Amino acid sequence: MRIAHDLREWVALLEREGELVRVAAEVDPRLEVTEIVDRVVKAGGPALLFESPKGATQPLLVNQFGTERRMCLAFGVRTLDEIADRVGEILEMQPPEGLAAKVRGLRTLKSIADSRPRTVKRGACQEIVLTGDDVDLGRLPVQTAWPGDGGPFITLPAVITRDPRNGNRNVGMYRMQVLGPRTTAMHWQLHKDGRADYLFGEGRMEVAVAIGLDPVSAYSASAPLPKHIDEFMVAGFLRGEPIDMVKGVTVDLEVPAHAEIVLEGHIERGETADEGPFGDHTGFYTPVEQFPVFNVSAITMRKDAIYPSIVVGKPPQEDAWLGKATERIFLPAVRMTVPEIVDYDLPVAGAFHNLCIVSIKKAFPGHARKVMNAIWGLGMLSLTKGIVVVDAHVDVHDYAQVMFYVGANVDPKRDVVISEGPLDHLDHAPTLQFFGGKIGVDATAKGPAEGTREWPPEIEMDATIRELVDRRWDEYGLDRVQPAPPD
Ligand SMILES: Cc1cc2nc3c(=O)[nH]c(=O)nc-3n(C[C@H](O)[C@H](O)[C@H](O)COP(=O)(O)O)c2cc1C
Ligand SMILES: [Mn+2]
């Protein structure tokens, strides 16, 4: 399947697929767009291109990621698990035996080597260059999404920094509140790589922000990768083609040549400002906090640049699908560290960090607890507040099934673990910010080895009888009854 190389190709692809509607009417990026998008997202509706956002010179694209189908179109796959399979192939690479395996191995290694971003001389993103007094963020259709928001926020930026210790690039999606024509806040949460780059440096730090990328690169900025991994390298691997980068006009950083809009500038260590409130993906407003100030020295753009945005709020919203992509794409990496994990699900309604359902191949007493502790120690999953562990045969994506086993298999006194540890920056429930309680529920089958009575067998029909009934179904005259699909 063809994938889009830049945002306008992506818009064209969505349009061809009947996945985009243009809105010609003048619409206000302050609140009005949110109310429209909220209704469209919840109805599983199309991406929206607002052609005349009030007070702005650029069109505004929202809801580009809002359904599973669009997410799959973005990656050129039929299911998100297909992407995971490609990632898994690399992670599970063994020393090759025999010529065929060697050739296959070399091909895989080559595809990784070919994924590294490439430097090019010229980029469409610099067709228009605005510096000095010409820099005016007020001309972009930046949304003020919710009535209590502290101002307009840029919500889909790919923020590019360098680790001052080794020059490694980091790309992260961190919202930016517009504070003035040439300044924004930089919402680097406590546990994020961008903040680490900032804290490792002293004085002035250069920052570039790419807005309006091809969907795979935009997704990659939101992916929770280890600090030393360049998100644009991963984007290149997932696209099957490297990202072309061009040197910034006023900063010594490279930016994706195909970006619609680039903000270049710097952050001065210690210069902070009030950020927020912001109606967040938790479904609540995050309060005002101090965050670093980004000073914009240049805006560069393509001609007819499209400005993309995303609305977050009470789930489900568009970001649910960015989160689901991460859940699927990272399964092989999770299983690499904790191989007994069969599958996991981060419910959208749990805002991703509140709840993780995980199924395991249980092999020894206390195994569910071992897995809970592994998750509480694993990358960004370590911030998970609640974990439910079920046995391998349980479908973690079927919440009714999970609820059945939580109800049936749990003695709350024995099977509930209360622990504590680091929590998400945005979690308002714990007494202290960043640190508090965790809950683990062991809903696996137990037995005398874990100090319980003999565990009863689960009810199951014989396979032969199932086959018999499948075969004879038409004879029963039950055509109006839809038989449940066999497992
Ligand atoms: C739409 C959207 C908005 C986000 N906003 C923020 C944000 O404001 N601050 C933040 O720290 N993380 C935010 N994130 C999550 C980060 O993008 C994510 O944790 C990513 O891994 C950060 O990159 P890093 O691992 O290189 O720090 C957002 C994610 C999405 C999908
Ligand atoms: Mn990173």
Side-chain angles (χ1 to χ4, degrees), residues 34 37 41 61-66 71 74 143 145 149-150 152-163 166 168-178 184-200 207 209-211 213 215-235 275-282 285-287 289-292 294 308-313 315-327 329-330 333 346 348 351-353 378-384 422-427 433-434:
T34 305
V37 173
V41 168
L61 174 69
V62 198
N63 201 23
Q64 57 175 307
F65 297 113
M71 211 65 214
Q143 279 188 268
D149 281 3
F153 287 81
I154 298 169
T155 48
L156 267 182
V159 177
I160 302 163
T161 53
R162 235 191 264 119
D163 187 326
N166 51 28
N168 285 350
R169 175 167 39 227
N170 190 71
V171 189
M173 188 170 281
Y174 318 105
R175 72 170 185 244
M176 297 157 56
Q177 180 175 359
V178 176
T184 79
M186 184 59 76
H187 192 250
W188 279 325
Q189 290 168 27
L190 186 69
H191 309 99
K192 305 304 172 75
D193 296 344
R195 173 179 288 257
D197 284 350
Y198 164 72
L199 291 178
F200 283 128
V207 177
V209 178
I211 302 169
L213 298 174
V216 175
S217 300
Y219 159 76
S220 300
S222 80
L225 292 160
K227 170 117 184 36
H228 59 280
I229 294 184
D230 176 0
E231 281 80 358
F232 283 152
M233 199 268 287
V234 172
E275 200 268 3
F278 178 72
D280 224 312
H281 78 116
T282 55
Y285 286 102
T286 50
E289 252 187 281
Q290 290 288 302
F291 276 93
F294 174 49
S309 176
I310 188 168
V311 174
V312 300
Q317 296 288 352
E318 183 185 344
D319 60 328
W321 292 105
L322 290 168
K324 276 290 149 188
T326 289
E327 178 200 290
I329 291 171
F330 279 75
L346 306 173
V348 171
F352 291 97
H353 57 264
L378 195 62
M380 282 297 116
L381 274 176
S382 63
L383 304 179
T384 304
L423 291 171
D424 191 88
H425 193 130
L426 304 177
D427 192 334
Q433 195 181 15
F434 308 126

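Each ligand, and each atom within it, is numbered from 1 in the order the structure gives. None of these values were measured; they are calculated from a predicted model.
- Nearest to atom 9 (N) of ligand 1 by heavy-atom distance, out of E318, E275, H191, H187, is H187.
- Each of the atoms 23 (O) of ligand 1 lies under 4.0 Å from some heavy atom of G172.
- Proximity of D427 to T282: side-chain heavy atoms (C-beta onward) are nowhere separated by under 4.5 Å.
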*Go through the steps for L156 and I211 under the test side-chain contact (heavy atoms from CB on, under 4.5 Å), then give the verdict.*
CA-CA 7 Å; L156 267 182; I211 302 169; 5.8 Å; no
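- Here the closest non-hydrogen pair linking T155 and M173 is O-CG, 4.2 Å.
- Given atom 10 (C) of ligand 1, the protein heavy atom at minimum distance is Q189 NE2, 3.2 Å.
- Polar contact with ligand 1: absent for L225 (N/O pair, distance under 3.5 Å).
- You'll find the side chain of M186 stays beyond 4.5 Å of the side chain of F291, heavy atoms only.
- Between D319 and ligand 1 there is no heavy-atom distance shorter than 4.0 Å.
- If you run side chain to side chain donor-acceptor pair (under 3.5 Å) between H425 and each of E289, K192, H353, H191, only E289 comes through.
- Under a 4.0 Å criterion applied to the non-hydrogen atoms of L322, ligand 1 contributes the atoms 31 (C).
- At a heavy-atom distance under 4.0 Å, no atom of H281 approaches ligand 1.
- When hydrogens are left out, the protein atom nearest atom 22 (C) of ligand 1 is Y174 CE2, 3.7 Å; that is the closest non-hydrogen contact.
- Given atom 16 (C) of ligand 1, the protein heavy atom at minimum distance is M173 O, 3.3 Å.
- Atoms of ligand 1 found under 4.0 Å from any heavy atom of N170, numbered from 1 in the order shown, are 26 (O).
- Here the side chains of F294 and V209 are in contact, with some heavy-atom distance below 4.5 Å.
- Taking both residues in full, the closest heavy atoms of V216 and A235 are given as CG1-O, 3.8 Å, listed atom of the first, atom of the second, then distance.
- The contact set between ligand 1 and I310, taken as ligand atoms under 4.0 Å from a residue heavy atom, comprises 1 (C).
- Residue, atom and distance of the protein heavy atom nearest to atom 25 (O) of ligand 1 are D193 OD2, 3.4 Å.
- Between K227 and D197, some side-chain heavy-atom pair lies under the 4.5 Å cut-off.
- Distances under 2.8 Å from the Mn ion (ligand 2) pick out the protein N/O/S atoms N170 OD1, D193 OD2, E231 OE2.
- Within the structure, ligand 1 has E231 among the residues with a heavy atom less than 4.0 angstrom away.
- Selection from K192, H425, Q317 by nearest heavy atom to atom 12 (N) of ligand 1 gives K192.
- The A223 neighbourhood of ligand 1 comprises atoms 21 (O), with distances under 4.0 Å to a heavy atom of that residue.
- Of all atoms in ligand 1, numbered sequentially from 1 with element shown, those under 4.0 Å from a heavy atom of P224 are 21 (O).
- With contacts defined as side-chain heavy-atom distances shorter than 4.5 Å, the pair D149/Y285 qualifies.
- Contact check for L381 versus L346: side-chain heavy atoms found under the 4.5 Å cut-off.
- Within the 4.5 Å cutoff, the side chain of R162 has no heavy atoms near those of the F200 side chain.
- If you number the atoms of ligand 1 from 1 as listed, the ones under 4.0 Å from a heavy atom of A221 come out as 17 (O), 20 (C), 23 (O).
- Contact annotation: A196 has no heavy atom less than 4.0 Å from any atom of ligand 1.
- Listed by number with element, the atoms of ligand 1 under 4.0 angstrom from any heavy atom of S222 are 17 (O), 18 (C), 20 (C), 21 (O), 31 (C).
- Using a 4.5 Å heavy-atom threshold, the side chains of L426 and H187 count as touching.
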